[in-house]
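We number each residue from 1, following the sequence as shown.
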Amino acid sequence: MKKSLAVLALLISGSAIARPAPLVSIPTHDAFFDKIAAHCGKAYQGKVTLDNQGPSKFNEAKLVMHVRRCDEKKLQVPFHVGKDASRTWIITKTGSGLSLKHDHRLENGDDDPSTMYGGHTVDAGFANVQSFPADQYSKELFVSQGIPQSMGNTWQMYIYDDKFTYRLVREGREFRVDFDLTKPITPPKAPWGYKD
């Protein structure tokens with residue numbers, strides 16, 4: 001009988017150890033994540049509102065963000081630039097903040113040589129605004145690709161009732177796209193490498 005109780009106690013304590021750790025977060029990160037997730041399934045058109053390096057293909061193409069997939073830990077937000085469906089922003093709760101990654105694919109679905117760069121929050125930010133300074137993986141990727149100036153990148157996202165903003169800043173560089181959240185549009189097809 002004592003042996004049976006000991007085995008039972010061991011099994012119970014073992015199952016307690018096997019329980020996954022909780023995913024912790026802070027209110028500003030949760031609120032920011034939830035504000036974007038509230039738009040899940042919807043798409044919005046945007047426009048370049050600031051580009052200090054002058055006109056580019058972004059100025060001439062139809063720009064669409066689509067809050068395509070959402071769960072309690074991750075948001076997938078494809079960013080279509082005209083017919084170019086290579087970009088998906090991935091915002092993830094990490095347990096130590098929020099991560100922003102840029103999933104870049106080739107038209108055949110393969111990874112682009114420049115993919116999964118991005119950053120991680122380093123402070124509380126705000127319920128409407130979060131900043132993502134370049135992480136170490138991204139810095140090393142940028143150096144290997146001959147664009148060391150991008151090591152100083154910080155990506156920022158803003159979300160308000162009427163507008164979502166994606167912004168890139170670094171020394172000597174600023175780029176910003178604003179999306180009108182008051183006018184949903186028909187969502188585009190899945191981005192390259194993903195399925196509907």
Near E72 CD, under 6.0 Å, is it more than 12 heavy atoms from other residues, nucleotides or ligands?
no
Would you say R167 and M157 make side-chain contact, with heavy atoms under 4.5 Å?
no
Output for pair (D111 CG, W192 CH2), nearest 0.5 Å, gives 13.5 Å
Path from V81 to L106 over hydrophobic side-chain contacts below 4.5 Å:
no
So does F126 have more than 12 non-hydrogen atoms from other groups sitting under 6.0 Å from CZ?
no
R69 and Q76 side chains, donor-acceptor separation under 3.5 Å:
no
If we only count heavy atoms from C-beta on, is the M65 to V177 side-chain gap below 4.5 Å?
no
Under the side-chain contact (heavy atoms from CB on, under 4.5 Å) criterion, do L63 and H80 qualify, and how do the steps go?
CA-CA 6 Å; L63 306 179; H80 296 258; over 6 Å; no
What about H102 and F79, are their ring centers closer than 6.0 Å?
no
Between T92 and T94, is there a donor-acceptor pair closer than 3.5 Å when you use the side chain of the first and the backbone of the second?
no
Please name the pair of heavy atoms, one in A43 and one in V64, separated by the smallest distance, quoted to 0.1 Å.
CB-CG1, 4.1 Å
Is it true that M116 and F142 fall in one hydrophobic cluster, defined by side-chain heavy atoms closer than 4.5 Å?
yes
Determine whether more than 12 heavy atoms belonging to other residues, nucleotides or ligands lie under 6.0 Å from atom CG of N52.
yes
Side chains of Y194 and D103: do they bring a donor and an acceptor to under 3.5 Å?
yes
For the CZ atom of R173 and the CD atom of Q149, what is their distance to the nearest 0.5 Å?
10.5 Å
Taking a hydrophobic cluster as the set of Ile, Leu, Val, Met, Phe, Trp and Tyr residues connected by side-chain heavy atoms closer than 4.5 Å, whether directly or through intermediates, do V67 and Y158 fall within one such cluster?
no
Given the side-chain rings of H39 and Y44, with only the six-membered ring counted for Trp, is the space between their centroids under 6.0 Å?
yes
Modelled atom types, side-chain donor and acceptor of D30 and S25, under 3.5 Å
yes
According to a hydrophobic-cluster definition based on side-chain heavy atoms being under 4.5 Å apart (Ile, Leu, Val, Met, Phe, Trp, Tyr only), do L75 and F132 belong together?
yes
Would you say R19 and P22 make side-chain contact, with heavy atoms under 4.5 Å?
yes
Would K93 and D71 pass as an ion pair if we require N to O under 4.0 Å?
no
Partner of I159 under side chain to side chain contact (heavy atoms under 4.5 Å, CB included), chosen from D34, L181, V129
L181
When the ring centroid of Y166 is compared with that of F179, is the distance short of 6.0 Å?
no
Is there side-chain contact between S138 and M151, with heavy atoms separated by less than 4.5 Å?
no
Which atoms form the tightest heavy-atom contact between P113 and L141, and what is the distance?
O-CD1, 3.8 Å
Compare all side-chain heavy atoms of S114 with those of Q145 and state whether any distance is below 4.5 angstrom.
yes
Determine, stepwise, if the pair T88 / V77 fulfils side-chain contact (heavy atoms from CB on, under 4.5 Å).
CA-CA 5 Å; T88 299; V77 184; 5.8 Å; no
What distance separates K73 NZ from S99 OG, expressed to the nearest 0.5 Å?
14.0 Å
Quick one, Q130 with T121, criterion side chain to side chain donor-acceptor pair (under 3.5 Å). Give me CA distance, side-chain angles, the key distance, then yes/no.
CA-CA 7 Å; Q130 291 293 330; T121 56; 5.0 Å; no
So, applying side-chain hydrogen bond (donor to acceptor under 3.5 Å, both in side chains) with Y117, which one of E140, K139, H104 is it?
H104
What's the shortest heavy-atom distance between T28 and G125, and which atoms?
CG2-O, 3.9 Å
Evaluate the criterion side-chain contact (heavy atoms from CB on, under 4.5 Å) for residue pair W89 and K101; output intermediate values, then yes/no.
CA-CA 6 Å; W89 301 320; K101 288 292 185 173; over 6 Å; no
Restricting to non-hydrogen atoms, name the atom on K189 and the atom on D196 that form the minimum distance, rounded to 0.1 Å.
C-OD1, 4.0 Å
Lys/Arg-Asp/Glu bridge criterion (N-O < 4.0 Å) met for D178, R176
yes
Taken to the nearest 0.5 Å, the spacing of L98 CG from F32 CZ works out to 7.0 Å
After noting the C-alpha distance and the side-chain angles of S86 and E107, does the key distance pass the side-chain contact (heavy atoms from CB on, under 4.5 Å) rule?
CA-CA 7 Å; S86 64; E107 196 164 359; over 6 Å; no
Pairing donors with acceptors under 3.5 angstrom, does anything connect the side chains of T115 and D112?
no
Heavy atoms only: give me the nearest G95-L23 pair and the separation to one decimal.
N-CD1, 3.5 Å
Are K47 and D180 ion-paired here, with the side-chain N under 4.0 Å from a carboxylate O?
no
Is there a continuous path of hydrophobic side-chain contacts, each under 4.5 Å between heavy atoms, that joins L168 to V48?
yes
Closest heavy-atom pair and its distance - I91, F33
O-CE1, 3.9 Å
Side chains of H66 and P191: does their closest heavy-atom pair fall under 4.5 Å?
no
